[in-house]
S.K.: 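Attaching a single structure in structure tokens format; questions to follow.
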Amino acid sequence: DFRRNPVGTGPFYVKYWEEDVKLVLLKNPHYFEFENEVRLPYLEAINYTFLVDKQSEFLEFIQGDLDYLSGIEPGYKDEILTENGELNPKYAQQIHFSKRPYLNTEYIGILADTNNPLLKDSPLKFLKFRLAIQYAIDKEKMLLYLRNGIGTAGNRGFIPSAFPRKKSRYGYSFDIDKSIELLNQVKFEQHIDVFPSIKVVATAQSMDLLKYIQHQLAQVGLELEIELVQWAALKEIVANSKAVFFRGSWIADYPDPENYLSLFYSGNFAPKGPNYTHFSNQTFDSLYNYSIFATDQSLKDQLNYQMDSLLMSFAYVVPLYYDEVVRFTQKNIKNLELNPMNLLNLKKVQKKISKNEE
């Protein structure tokens, strides 16, 4: 029961909590940090509400009943954002909008364990076929049409764009001619007339994204079947290697590229670890082990991006986009800073209230 009775020295403490209904935090009068000789935090209390329906959440925010809204949803993205991912001018006087790169990579994973019987008749076991999929998806248009430009196209490695990158380029941009060429090579080399359909397993939340990818693959003659399951079922299926092609996302547990590369270290095979693709490569593992003990940051960066490049050369993961932190706040909310892990730090936040509210 410890989770319901947290102990700490933070700026707020739990006053009231009814799960899935309301959480109230009060100012910690003994918090140790000061700003300009004023003890933090500035806020006297925080009231969290739990709304399952995202449309209701958006409406309450627009009506001023909520101070803060994070992320975008298909149901309201076109109302609050322009096509280019900027705040709709009609809300400019009411809402403050901010965004920055997020330590989150959205992707499609491909099972790399060739001993798995699911791969026996799957063309995904062929490198050129996997490369063809990489080239077949126009991720720039995907972001424009489905996310109003929020995020960065996944045309690089698995490490998200929130981390600074080397000038050397690796990854795959949209090239439909290259995709078709690679597919024809696989047909010729493997004596295949028509490729069987491939099936992707995902939750309903990814439906719009997968419909777009389905259309893109159809342009190069590939048929994509979409199997929708509940989140808990997807976790079980992926962890136990019951899907060859699956939708995934990875939000950093800690702000280091190592966290992303750990998904492809052979010592982390799922279900015991996060290596859901069962990717295994001796060179990658050696670089990974070496990087863990490297103390020079320049060397560590070099090793990280060498691993990322090596991983992408095998094409067992299709980065779709690197996400962005998106926050909307009412104009009277001040000093709510962004961070690449999207952590909600409220210790310096201030809320200016009108005389009527006072």
Side-chain angles (χ1 to χ4, degrees), residues 105-137 154 157-159 170-172 182-183 185-187 189-192 195-203 206 210 213 217 222-229 231-250 253 258-289 291-292 306-320:
T105 298
E106 300 288 333
Y107 69 97
I108 291 180
I110 302 173
L111 190 63
D113 183 3
T114 54
N115 293 320
N116 191 305
L118 293 176
L119 274 172
K120 181 181 179 182
D121 298 318
S122 174
L124 287 164
K125 65 185 177 183
F126 303 122
L127 173 59
K128 289 181 179 179
F129 187 88
R130 299 194 299 274
L131 291 173
I133 290 176
Q134 304 273 1
Y135 286 116
I137 304 171
F158 191 71
I159 297 174
Y170 56 89
Y172 308 96
L182 286 165
L183 291 174
Q185 288 179 19
V186 176
K187 285 182 178 180
E189 293 167 1
Q190 305 298 330
H191 309 289
I192 297 174
F195 289 115
S197 63
I198 53 178
K199 180 170 68 176
V200 62
V201 182
T203 64
S206 299
L210 295 177
I213 294 171
L217 295 184
L222 296 180
E223 181 182 352
L224 179 67
E225 296 179 23
I226 301 172
E227 180 181 347
L228 300 180
V229 297
W231 170 242
L234 179 63
K235 288 179 64 177
E236 192 274 334
I237 289 170
V238 172
N240 291 283
S241 301
K242 296 179 181 178
V244 175
F245 207 51
F246 58 89
R247 174 79 170 89
S249 63
W250 189 259
D253 297 309
E258 173 200 321
N259 188 227
Y260 289 85
L261 298 169
S262 68
L263 270 70
F264 304 97
Y265 177 61
S266 65
N268 290 334
F269 273 9
K272 293 183 178 180
N275 186 343
Y276 304 114
T277 62
H278 279 206
F279 176 78
S280 179
N281 180 271
Q282 288 186 350
T283 302
F284 183 96
D285 287 353
S286 296
L287 292 170
Y288 182 82
N289 287 322
S291 71
I292 289 177
Q306 188 177 346
M307 282 184 278
D308 203 22
S309 178
L310 177 63
L311 168 67
M312 292 309 299
S313 70
F314 289 95
Y316 279 112
V317 62
V318 184
L320 298 175

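Start at 1 with the first residue, then count along the sequence. Since we're looking at a predicted model, the values are computed, not measured. Quick note: numbers below take in every heavy atom, side chains included, and nothing from hydrogens, waters or symmetry partners.
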S.K.: Donor-acceptor pair, distance only, cut-off 3.5 Å: does the side chain of Thr277 make one with the backbone of Gly109?
M.R.: no
S.K.: With sequence neighbours excluded, what pairs up with Phe284 under the ring pair (Phe, Tyr, Trp, His ring centres under 6.0 Å) test?
M.R.: Phe279
S.K.: Is a donor on one side and an acceptor on the other found under 3.5 Å between the side chain of Ser262 and the backbone of Asn259?
M.R.: yes
S.K.: Parallel, tilted or perpendicular: which one describes the rings of Tyr288 and Tyr265, with boundaries at 30° and 60°?
M.R.: parallel
S.K.: When you measure from the side chain of Ser313 to the backbone of Leu310, do you find a donor-acceptor pair of N or O atoms at a distance under 3.5 Å?
M.R.: yes
S.K.: Can you tell me how far the CG atom of Leu263 sits from the CG atom of Asn268, to the nearest 0.5 Å?
M.R.: 8.0 Å
S.K.: Can you name the closest pair of heavy atoms from Leu119 and Ala112 and give their distance?
M.R.: CD1-C, 4.3 Å
S.K.: Mind checking the CG-NZ spacing from Leu118 to Lys242? Nearest 0.5 Å is all I need.
M.R.: 10.0 Å
S.K.: Are any of the side-chain heavy atoms of Ile133 and Ile198 separated by less than 4.5 Å?
M.R.: yes
S.K.: Does any part of the side chain of Pro196, heavy atoms only, come nearer than 4.5 Å to the side chain of Ser122, both counted from C-beta?
M.R.: no
S.K.: Any sub-3.5 Å donor-acceptor pair from Ser286's side-chain atoms to Gln282's backbone N or O?
M.R.: yes
S.K.: If you round to the nearest 0.5 Å, how far is CH2 of Trp250 from OH of Tyr107?
M.R.: 7.5 Å
S.K.: Would you check if the side chain of Gln134 reaches a backbone N or O of Val317 as a donor-acceptor pair within less than 3.5 Å?
M.R.: yes
S.K.: Assess whether side chain to side chain contact (heavy atoms under 4.5 Å, CB included) is satisfied between Val229 and Ile237, documenting all intermediate values.
M.R.: CA-CA 10 Å; Val229 297; Ile237 289 170; 4.3 Å; yes
S.K.: What's the shortest heavy-atom distance between Ala315 and Leu131, and which atoms?
M.R.: CB-CD2, 3.8 Å
S.K.: Do Glu258 and Ser291 come within less than 4.5 Å of each other through their side chains, counting heavy atoms only?
M.R.: no
S.K.: Ring centres under 6.0 Å, that's the criterion: do Tyr316 and Phe264 meet it?
M.R.: no
S.K.: Are any of the side-chain heavy atoms of Phe269 and Asp113 separated by less than 4.5 Å?
M.R.: no
S.K.: Taking the side chain as everything from C-beta on, heavy atoms only, tell me whether Leu261 gets closer than 4.5 Å to Ile159.
M.R.: yes
S.K.: Got a donor-acceptor contact below 3.5 angstrom from the His278 side chain to the Ala270 backbone?
M.R.: yes
S.K.: What pairs with Tyr172 under ring pair (Phe, Tyr, Trp, His ring centres under 6.0 Å), at least two apart in sequence or on another chain?
M.R.: Tyr135
S.K.: Is a side-chain donor or acceptor of Arg130 paired with a backbone partner of Lys125 at a separation under 3.5 angstrom?
M.R.: yes
S.K.: Under the criterion salt bridge (charged side-chain N to carboxylate O under 4.0 Å, His left out), which of Glu223, Glu227, Glu225 is the partner of Lys199?
M.R.: Glu227
S.K.: Might you work through the side chain to side chain contact (heavy atoms under 4.5 Å, CB included) test for Ile108 and Phe246, ending with a clear yes or no?
M.R.: CA-CA 6 Å; Ile108 291 180; Phe246 58 89; over 6 Å; no
S.K.: With a 4.5 Å limit on heavy-atom distance, are the side chains of Leu124 and Phe245 in contact?
M.R.: yes
S.K.: If I compare all heavy atoms of Ser206 with all of Arg247, which pair ends up nearest, and what's the gap?
M.R.: OG-NE, 3.2 Å
S.K.: Does any donor atom in the side chain of Asp285 or Ser266 lie under 3.5 Å from an acceptor atom in the other side chain?
M.R.: yes
S.K.: Where do Ala202 and Leu210 come nearest, in terms of heavy atoms and distance?
M.R.: CB-CD1, 3.4 Å
S.K.: Drop me the distance from Leu287's CG to Asn281's CG, to the nearest 0.5 angstrom.
M.R.: 8.5 Å
S.K.: Which distance, rounded to the nearest 0.5 Å, do you find between the OG of Ser241 and the CG of Asn275?
M.R.: 9.0 Å
S.K.: Report the residues that fulfil ring pair (Phe, Tyr, Trp, His ring centres under 6.0 Å) with Phe195, sequence neighbours left out, ordered by chain and then residue number.
M.R.: Phe129
S.K.: Taking all atoms of both residues into account, what is the closest heavy-atom pair of Gly157 and Asp308, and its distance?
M.R.: CA-OD2, 3.4 Å
S.K.: Could you tell me the separation between the CG atom of Leu320 and the CD1 atom of Ile213, rounded to the nearest 0.5 Å?
M.R.: 4.5 Å
